Amino acid sequence: MSKSWFVYVLRCADNSLYTGVTVDIDRRVIEHNSQNGKGAKYTRNRQPVELVYHERCEDRSAAGKREWAIKKLTRAKKLVLIGAA
């Protein structure tokens with residue numbers, strides 16, 4: 001059985017949004033909020049972060065494509081996507 005992949009959006013302490021992909025959302029959010037160096041460079045100085053959106057994807061390829069599509073959205077459209085607008 002293949003792993004489930006997810007694309008997710010985090011709201012950082014400075015109110016910016018970060019988008020990524022993972023197979024384990026809970027672990028990834030913990031990593032983004034830790035000082036162990038496993039979180040993204042972008043989120044290290046913007047902690048704490050909170051998960052505000054996620055969606056399941058068929059596979060790694062689909063998750064990467066969806067991540068890219070979300071990253072290309074304007075901030076206003078991202079806020080609509082996460083239900084914050």
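Nothing here was measured: the structure is a model prediction, and the numbers come from that model. Position 1 is the first residue of the sequence; numbering continues from there.
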| field | Partners meeting salt bridge (Lys or Arg N to Asp or Glu O under 4.0 Å) with Lys71 (sequence neighbours left out) | value |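 Salt bridge (Lys or Arg N to Asp or Glu O under 4.0 Å) list for Lys71, sorted by chain: Glu67.
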
| request: Quick one: list whatever passes salt bridge (Lys or Arg N to Asp or Glu O under 4.0 Å) with Arg46, sequence neighbours left out. | output: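 So Arg46 forms a salt bridge (Lys or Arg N to Asp or Glu O under 4.0 Å) with Asp14.
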
I need the minimum non-hydrogen distance between [X] and [Y], along with the two atoms involved.
| X | Y | value |
| --- | --- | --- |
| Cys57 | Val7 | SG-CG1, 4.1 Å |
| Arg75 | Leu17 | NH1-CG, 3.7 Å |
| Asp59 | Trp5 | C-CD1, 3.7 Å |
| Val21 | Gly64 | CG1-N, 4.2 Å |

| Between Leu81 and Lys77, is a side chain to side chain contact (heavy atoms under 4.5 Å, CB included) present by the stated rule, with each step listed? | CA-CA 6 Å; Leu81 175 69; Lys77 288 181 180 179; over 6 Å; no

| field | Thr43: partners by side chain to side chain donor-acceptor pair (under 3.5 Å), with sequence neighbours left out | value |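 Thr43 satisfies side chain to side chain donor-acceptor pair (under 3.5 Å) with His32 only.
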
| message | Taking side chain to side chain donor-acceptor pair (under 3.5 Å) as the definition, give me every residue that meets it alongside Lys38, ordered by chain and number, with sequence neighbours left out. | response |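 Result, side chain to side chain donor-acceptor pair (under 3.5 Å) vs Lys38: none returned.
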
| field | Polar contact flag, side-chain donor to acceptor under 3.5 angstrom, Asn36-Ser34 | value |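 Yes, Ser34 and Asn36 have a side-chain donor paired with an acceptor closer than 3.5 Å.
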
| task | Step through the shown structure and confirm whether more than 12 heavy atoms of other residues, nucleotides or ligands are within 6.0 Å of CZ on Arg56. | result |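 Not buried by this count: 12 neighbours or fewer within 6.0 Å.
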
| request: Output the rest of the hydrophobic cluster of Ile25: all Ile, Leu, Val, Met, Phe, Trp and Tyr residues reachable through side-chain heavy-atom contacts under 4.5 Å, sorted by chain and number. | output: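 ILVMFWY cluster around Ile25 also holds Phe6, Tyr8, Leu10, Tyr18, Val29, Tyr42, Val49, Leu51.
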
| field | Arg44 side-chain N/O to Gly37 backbone N/O, donor-acceptor pair under 3.5 Å | value |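 Indeed, once roles are kept as given, a pair shorter than 3.5 Å links the two residues.
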
| Set of side chain to side chain contact (heavy atoms under 4.5 Å, CB included) partners for Arg27, sequence neighbours left out |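 If we apply the side chain to side chain contact (heavy atoms under 4.5 Å, CB included) test to Arg27, skipping adjacent residues, the hits are Thr22, Val23, Asp24, Glu31.
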
| said: Walk me through whether Lys78 and Ile82 qualify under side chain to side chain contact (heavy atoms under 4.5 Å, CB included). | reply: CA-CA 6 Å; Lys78 288 178 189 176; Ile82 67 173; 5.7 Å; no

